[in-house]
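The structure appears right after this line, and notes come after that.
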Protein chains: 2
Amino acid sequence: MVDVADDQASGARGGRRRSESRRRLLAAARRLFVERGYHATRPQDIAREAEVGNGTFYLHFADKRDIFLAFAEEACAEIEAAIIGPLTGPEPWDQRILNTIKAALAFEANERKVIAAALMDISIIDPGDEEPTVRPRDRLAKLTAASLQEGIDKGEIRADLNTELIAHSLLGMVEQAAYHAERSNLSPEEVLATLVGFVTAGLARR
Amino acid sequence: MVDVADDQASGARGGRRRSESRRRLLAAARRLFVERGYHATRPQDIAREAEVGNGTFYLHFADKRDIFLAFAEEACAEIEAAIIGPLTGPEPWDQRILNTIKAALAFEANERKVIAAALMDISIIDPGDEEPTVRPRDRLAKLTAASLQEGIDKGEIRADLNTELIAHSLLGMVEQAAYHAERSNLSPEEVLATLVGFVTAGLARR
DNA sequence: GGGTCGGATTGACATATTGTCAACGCTGGC
DNA sequence: GCCAGCGTTGACAATATGTCAATCCGACCC
């Protein structure tokens with residue numbers, strides 16, 4: 001991202017105008033990426049859809065990959081918002097798992113493409129400069145891992161698994177399951193039952 | 001893919017030359033996509049790397065997305081080749097799971113980017129024309145599901161799960177686990193132990 | 001209100017990429 | 001050797017990308 005600073009930070013001097021443009025661009029990009037895909041979306045299409053001049057695009061983003069990264073970041077923040085409650089709630093661990101998977105599936109039902117973007121391996125589009133910065137997705141995994149660790153500490157979840165590794169695995173799992181469920185028109189109940197059944201059995205202390 | 005027909009099919013008349021060009025292009029594309037990413041790879045870079053004229057690129061592929069799709073397909077076939085043995089072997093189910101995950105991880109260790117491409121949601125790059133054709137990845141899932149079904153039929157695996165859904169989930173899981181393992185330098189032993197421990201517990205008949 | 005200032009926006013344009021096609025090259029058959 | 005015909009080529013037309021000098025806008029001050 002090229003933008004000078006955070007939305008508010010760039011002084012009151014036209015800063016509102018600036019962040020409004022950025023917001024419009026990002027929203028437009030999201031619509032177009034989802035509808036037409038990365039390949040067929042041109043920076044100028046995005047500017048037109050956002051109803052800003054086309055030079056404006058480049059004031060906010062370096063190029064198409066840059067705005068795509070921003071889109072992925074945004075998408076990830078949305079999933080995070082959708083599952084943070086269930087994930088960190090006061091319920092027993094198996095109930096938390098169920099609630100979280102349920103929330104994730106409900107969210108993905110509407111915005112599957114958005115989620116696919118959030119969770120995809122960005123390095124396919126852009127390898128970045130060597131060892132990349134943390135992906136947005138890593139934040140999600142960290143949150144999940146912390147929730148698992150809590151279960152371990154309470155003696156509810158088996159302790160012989162690497163929590164971060166499992167957290168990443170679970171993300172991949174839910175993503176793919178949601179994809180398959182949508183394409184095969186599985187009922188949400190069946191999907192939820194299968195995933196929760198599998199995961200709770202996999203994690204439960206013996 | 002735009003190519004007229006299968007490699008051999010286009011008569012002996014220069015057909016060998018033709019399929020050689022295609023092969024070189026695909027190999028070049030693979031190197032460049034992995035090294036530079038989709039965004040920064042130009043069709044002409046691919047042609048140059050393949051040491052063919054740049055018009056030749058368009059005789060074999062319609063555009064960049066097309067060759068990317070072919071690359072993903074190829075990658076998927078390779079994973080399939082790597083795991084088909086362990087997956088369908090004569091061992092008991094838990095041993096098959098272990099062998100398969102082991103084979104998948106070993107493969108991914110070398111070619112992680114290739115795998116990420118194979119398993120990613122292609123529709124982000126190119127939504128295709130409405131309801132898309134089966135993704136290469138679906139073949140892998142079908143194979144895995146069949147192997148699970150075999151375990152169920154023998155009464156080794158619990159029967160209350162949707163096998164295809166679990167198969168897709170497992171693919172997502174292994175993909176993400178491999179990604180995380182590489183980035184965090186986890187030992188292969190630890191990764192294997194965690195994944196196998198989790199999966200076998202999740203699937204075992206109670 | 002009116003003036004001034006500074007960041008934000010704009011779109012025409014220079015640069016770069018993509019895709020086409022008329023001409024040419026190879027190879028196998030006769 | 002010559003022809004037939006697919007395959008290849010690279011120059012070039014069509015498109016897309018990214019820059020920047022000119023302009024706009026709104027906040028602030030008098």
Side-chain angles (χ1 to χ4, degrees), chain A residues 1-29 32-33 35-71 125-126, chain B residues 1-29 32-33 35-71 125-126:
Chain A
M1 265 158 283
V2 107
D3 59 358
V4 184
D6 278 336
D7 297 348
Q8 289 81 352
S10 52
R13 267 298 188 198
R16 184 154 29 244
R17 229 173 130 212
R18 179 175 176 83
S19 69
E20 172 67 9
S21 290
R22 185 179 201 277
R23 201 189 52 68
R24 295 167 67 83
L25 282 164
L26 208 41
L32 293 177
F33 282 140
E35 185 181 324
R36 305 185 190 169
Y38 184 84
H39 181 86
T41 299
R42 320 260 164 266
Q44 305 222 347
D45 301 336
I46 297 173
R48 195 173 328 116
E49 172 91 7
E51 299 181 283
V52 301
N54 87 45
T56 304
F57 178 93
Y58 294 98
L59 293 175
H60 292 277
F61 302 97
D63 55 20
K64 186 164 69 157
R65 102 186 80 181
D66 191 31
I67 199 171
F68 185 83
L69 263 47
F71 159 51
I125 299 244
D126 170 28
Chain B
M1 264 157 285
V2 106
D3 57 359
V4 184
D6 278 338
D7 298 348
Q8 290 80 354
S10 51
R13 261 301 184 205
R16 184 154 30 241
R17 228 172 132 211
R18 180 176 174 82
S19 70
E20 171 67 7
S21 289
R22 186 178 199 278
R23 201 189 51 70
R24 295 167 66 84
L25 282 164
L26 208 41
L32 293 178
F33 282 141
E35 185 182 324
R36 305 185 190 169
Y38 184 85
H39 180 87
T41 300
R42 319 261 166 267
Q44 304 221 349
D45 300 336
I46 297 173
R48 194 172 328 115
E49 172 90 7
E51 299 180 282
V52 301
N54 87 46
T56 304
F57 178 92
Y58 294 98
L59 293 175
H60 292 277
F61 302 97
D63 54 19
K64 185 163 71 158
R65 101 185 84 183
D66 191 31
I67 199 172
F68 185 82
L69 263 47
F71 159 50
I125 299 251
D126 170 29

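Numbers restart at 1 for each chain; the letters A, B, ... are given by sequence-line order, proteins then strands. For the numbers below, each heavy atom of this structure counts, side chains included, while hydrogens, waters and symmetry mates do not.
Taking side-chain N and O atoms only, His60(B) has no distance below 4.0 Å to OP1 or OP2 of dG7(D).
Put simply, CZ on Arg24(B) is 13 Å from C1' on dT8(D), counting in whole angstrom units. The CG-P distance, from Asp63(A) to dT17(C), rounds to 13 Å in whole Å. For the pair Leu25(B) CG and dT9(D) C1', the computed distance is 13 Å after rounding to whole Å. Atom OH of Tyr58(B) is separated from atom P of dT15(D) by 14 Å (rounded to the nearest Å). Rounded to a whole Å, the CD1 atom of Ile67(B) is 12 Å from the P atom of dG19(C). If you take NE2 of His39(A) and C1' of dG19(C), they are 11 Å apart, rounded to a whole angstrom. Rounded to a whole Å, the CG atom of Asn54(B) is 9 Å from the P atom of dA11(D). As a whole-Å value, the separation of Lys64(B) NZ from dT17(D) P is 10 Å.
With salt bridges taken as basic N to acidic carboxylate O contacts below 4.0 Å, one links Arg23(B) and Glu20(B).
Note on ring orientation: taking the six-membered ring where Trp is involved, the planes of Phe68(A) and Phe71(A) are perpendicular (angle over 60°, cut-offs 30° and 60°).
Which of dA8(C), dT17(D), dG19(C) sits closest to the side chain of Gln44(B) comes down to dG19(C). Relative to the side chain of Thr56(B), the nucleotides dT9(C), dT8(D), dT17(D) differ in distance, and dT8(D) lies closest. Checked against dG19(C), dT9(C), dA27(D), the side chain of Arg17(A) finds its nearest nucleotide in dT9(C). The listed nucleotides are dT10(C), dT8(D), dG19(C); the one nearest the side chain of Leu59(B) is dT8(D).
A donor-acceptor pair under 3.5 Å is formed between the side chain of Arg24(B) and the backbone N or O of Ala50(B).
In this structure the side chain of Arg65(B) reaches within 4.5 angstrom of the side chain of Tyr38(B), judged on heavy atoms.
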